[in-house]
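Structure record follows, encoded as structure tokens.
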2 protein chains.
Amino acid sequence: MEPLPTAAARPTGSPARIGDVAALAGVGVATVSRVLNGHVGVRPSTRDRVVEAIEALNYRPSSLARSLSLRRTMVVATLLPWFTNPSAVQRVRGIVEGLTGSAYDLMVFDIESEDRQRRAFELFDRGERADGLLVVSTLPPEAEVDRLRAAGVPCVLIDAVHPSFPSIAVDDVAGGEMATRHLVELGHRRIALIGDPPPEFRFEWSRDRTRGYERALTSAGIEPRSDYVREGTRLPHVARAVASELLSLPERPTAIFAASDTQALGAIEAARSLGIRIPAELSVIGFDDIEVAAYVGLTTVRQPLLESGRRGAKLLLETLAGRPVEPLCELLPLELVARSTTGPAPDR
Amino acid sequence: MEPLPTAAARPTGSPARIGDVAALAGVGVATVSRVLNGHVGVRPSTRDRVVEAIEALNYRPSSLARSLSLRRTMVVATLLPWFTNPSAVQRVRGIVEGLTGSAYDLMVFDIESEDRQRRAFELFDRGERADGLLVVSTLPPEAEVDRLRAAGVPCVLIDAVHPSFPSIAVDDVAGGEMATRHLVELGHRRIALIGDPPPEFRFEWSRDRTRGYERALTSAGIEPRSDYVREGTRLPHVARAVASELLSLPERPTAIFAASDTQALGAIEAARSLGIRIPAELSVIGFDDIEVAAYVGLTTVRQPLLESGRRGAKLLLETLAGRPVEPLCELLPLELVARSTTGPAPDR
DNA sequence: CTGAAAGCGCTTACAG
DNA sequence: CTGAAAGCGCTTACAG
């Protein structure tokens, strides 16, 4: 089953292989490979014949076969849940920026369910489909951590922390505290919280922000009330529904801290449709500072989303370049951005 | 160089291969492969031994090697430029939805420059890294069209049209006309247009919308003015700058039609900072109806972004399932959504 | 029911 | 400077 001598002999529909080129040029495949990879030490006349054959057959090497042979793909993969979320998008944008100018291409893989997460790691945990991984807002299952380490796949975590990998994150407890303190300082006492549902992928920052919220309340001498703490996904209608419940409570909160801007926006809409004025009757503070936040004047705790992606990408690039990176956790700064959705607590 | 008999013999760091499992279980690799792929006709006791060896070695087959051998990846790739743009994100969200429940995983690949576009197709045009392609808001170069067809890679276009592939699109000329007519009907005569820069990736809908704009003007007896037609990218500051120029014209337009909501938002910000009231002194209409549009009350021409992704994914799935799909262009409906950024032209 | 061998399409020592 | 061969890690006829 040797390569056939001419292009015409290849069945239509299947691209030429390196053997076809070799046959047409009258050389061995090794020589074609050398020309392809720009190795020195190929006689110019030979090279010319090979180049000619490549063009005649419209040949392009199989990147898959190359990857298998080279054990290198020049691709970086980003694995993240809900990757169409505004904050996730912003991080991805940072990753794209961080990778710009490098030789690596970016592949983004969505993890929407545990099933997809499993499949994602099946695809990537050997480092065959991508040379490095950027895992965003989720933690690999422990078994995958082992595989990744065993296979030596460079991996950087963004918005998640694990002792085995370097990571870029923020202090979520401090963030929750910061947001809540802002409300307390405005005189609010009845402060509700809308958090994310329990971690689906071992992803726990919502819990940390809740802890910060409780801490701030306690140190202000306010007793946390369980009926003021709700959970819901970031789907617009869910966020609205959760906020509506909160706003229909007999003792309605005068302020809401939402664990994300997306949820804060839902709370604002809920208030709007209930005829509750913001910030006169209700203050709302979010988390993230996504692009629309500035646009609609949402008060929020800003975390450097873009920067997190950029830094994560840079860190991964370092590792890929062979510079060993400590599995340290780099904390990015948080900043309170007071805009127009928070104000003094109503009298009474 | 036969597989070594025990796991311990494998160098740490390299995952077990099928040969290691076979050796440990005392069977041939073919048998391991059969067990792995759930083929019938393996004696239960043999199967048990294999399963045991798999677990002992924590073995997971190389998906890359599988792909090479099977010529199938169970992955669908989406190639799109500026994939963090709100409208692109929305389409991707639709694609994710359309793929949900299927056996295919989604990989997203960003095309930000011609260089990346070339690399994207190098990776995907043989159908080795993905079984099917969803090309969004860009057109493959003609040479790639040939390769894709030659290799028989199923490919669906979204927001782009090519005779060789089925596609999901909208009638952009009609859309441009619809937007402009809305302004004309409100009494505007000085109507400006902010379009995208010339197509970077043979991507021409902005031109079509401009054509619709001109057509609407002409049929209203309004002479198109070249100083009213500007181009700029969707980067926020660019959109603002372009709008500012327009609004500083001696004969300032009373209405702006932006080729995208993102640009419309930029125009609104520019007006704001120039102290121009909307819609009293300036009407602004966008295109797309991205999520924030409703939120900020932007009048726009709605195109079914989510639906385009969903339909594209479904179409691709059909093709992948072997049901031949005509290379037809499916046009999705456009709808004018009048909100609060457009109003009657100011007297005089 | 099972294994040896060929094949997927490359790259790269190794030997000339 | 160049080619035959082994290897990357799988799958699958083919022959028992």
Side-chain angles (χ1 to χ4, degrees), chain A residues 1-4 10-11 13-23 25-50 54 57 59-74 122-123 125-129 131 151, chain B residues 1-4 10-11 13-23 25-50 54 57 59-74 122-123 125-129 131 151:
Chain A
M1 186 123 308
E2 15 190 0
L4 298 159
R10 287 246 73 203
S14 40
R17 302 154 307 181
I18 194 169
D20 301 321
V21 176
V27 299
V29 292
T31 301
V32 177
S33 178
R34 288 188 192 103
V35 171
L36 244 24
N37 295 290
H39 290 184
V40 293
V42 177
R43 189 187 309 168
S45 65
T46 310
R47 173 182 307 274
D48 288 348
R49 261 186 306 146
V50 171
I54 287 174
L57 296 179
Y59 172 73
R60 181 179 290 171
S62 156
S63 75
L64 196 74
R66 280 199 98 221
S67 296
L68 184 62
S69 190
L70 285 175
R71 309 169 142 285
R72 189 160 40 70
T73 62
M74 298 315 283
E122 271 175 29
L123 247 28
D125 66 6
R126 279 173 162 258
E128 326 170 288
R129 303 202 100 98
D131 298 341
Chain B
M1 185 122 307
E2 19 193 356
L4 298 160
R10 287 246 73 205
S14 40
R17 302 154 307 180
I18 195 168
D20 301 322
V21 176
V27 300
V29 292
T31 300
V32 178
S33 178
R34 288 188 192 103
V35 172
L36 244 23
N37 294 290
H39 290 182
V40 292
V42 177
R43 190 187 310 168
S45 65
T46 310
R47 171 182 308 274
D48 288 348
R49 259 186 308 144
V50 171
I54 288 174
L57 296 179
Y59 172 73
R60 181 180 290 171
S62 154
S63 75
L64 195 74
R66 280 198 98 222
S67 296
L68 185 61
S69 190
L70 284 174
R71 309 172 140 283
R72 190 158 40 70
T73 63
M74 298 316 283
E122 270 176 28
L123 247 29
D125 67 5
R126 278 172 163 259
E128 326 169 286
R129 301 203 102 97
D131 298 342

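Values in this document were obtained by computation on a predicted structure and should not be read as measured data.
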May I ask you to verify if any side-chain N or O of [X] is less than 4.0 angstrom from the OP1 or OP2 atom of [N]?
X: A:Thr46; N: D:dT2; answer: yes
X: A:Arg71; N: D:dG9; answer: yes
X: B:Arg66; N: D:dG9; answer: no
X: B:Ser33; N: D:dT11; answer: yes
X: B:Thr31; N: C:dG3; answer: yes

How close or far is atom [atom2] of [N] from atom [atom1] of [X], stated in whole angstroms?
X: B:His39; N: D:dC10; atom1: NE2; atom2: C1'; result: 12 Å
X: A:Leu64; N: D:dT11; atom1: CG; atom2: C1'; result: 14 Å
X: A:Asn37; N: C:dT12; atom1: CG; atom2: C1'; result: 10 Å
X: B:Ile18; N: C:dA5; atom1: CD1; atom2: C1'; result: 14 Å
X: A:Arg72; N: D:dC8; atom1: CZ; atom2: C1'; result: 13 Å

In the strands shown, is D:dA13 matched to any nucleotide by a Watson-Crick or G-U wobble pair with both distances under 3.5 Å, and which?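 Matched D:dA13 with nothing under the 3.5 Å cut-off.
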
May I ask which nucleotide in the shown strands pairs with C:dA4, Watson-Crick or G-U wobble, both distances under 3.5 Å?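 Base partner found: none.
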
How far does [atom1] of [X] sit from [atom2] of [Y], to the nearest 0.5 angstrom?
X: B:Arg126; Y: A:Leu64; atom1: CZ; atom2: CG; answer: 9.5 Å
X: A:Arg60; Y: B:Leu123; atom1: CZ; atom2: CG; answer: 10.0 Å
X: B:Leu36; Y: B:Arg66; atom1: CG; atom2: CZ; answer: 7.0 Å

From the list [options], which nucleotide is the closest neighbour of the side chain of [X]?
X: A:Arg17; options: C:dC8, C:dT2, C:dA13; result: C:dC8
X: B:Val27; options: C:dG3, D:dC1, C:dC10; result: C:dG3
X: B:Leu68; options: C:dC8, D:dC10, D:dT2; result: C:dC8

What's the gap between C:dG16 and C:dT12 when it is taken at their C1' atoms, as a whole Å value?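 Straight-line distance between the two C1' atoms is 16 Å.
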
Sidechain-backbone polar pair: B:Arg49 side chain, B:Ala25 backbone, donor-acceptor under 3.5 Å: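 The answer is yes, because a donor-acceptor pair under 3.5 Å joins these two groups.
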
Do the side chain of A:Glu122 and the main chain of B:Ser63 share a donor and acceptor less than 3.5 angstrom apart?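 It does not hold such a pair.
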
Give one of base, sugar-phosphate or nothing for A:Arg126, where a contact means two heavy atoms less than 4.0 Å apart.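 Result for A:Arg126 = sugar-phosphate.
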
Give B:Leu70 one of three labels, base, sugar-phosphate or nothing, depending on what nucleic acid heavy atoms sit under 4.0 Å from its own.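 Touches sugar-phosphate only.
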
Kindly write out the residues that satisfy side-chain contact (heavy atoms from CB on, under 4.5 Å) with A:Thr73, not counting sequence neighbours, or none if the list is empty.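 Partners of A:Thr73 by the side-chain contact (heavy atoms from CB on, under 4.5 Å) criterion, ordered by chain and then number, come out as A:Ser67, A:Val75, A:Asp131, B:Arg129.
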
In terms of the nearest nucleotide of DNA chain D, which residue is placed more toward the 5' end: B:Arg60 or B:Arg34?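 Its nearest nucleotide being more 5', the pick is B:Arg60.
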
More 5' along DNA chain C: B:Glu128 or B:Gly26, using each one's nearest nucleotide?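 The residue mapped nearer the 5' terminus is B:Gly26.
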
Donor/acceptor link under 3.5 angstrom from A:Ser69 side chain onto base of C:dG9: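 No such pair is found, so the answer is no.
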
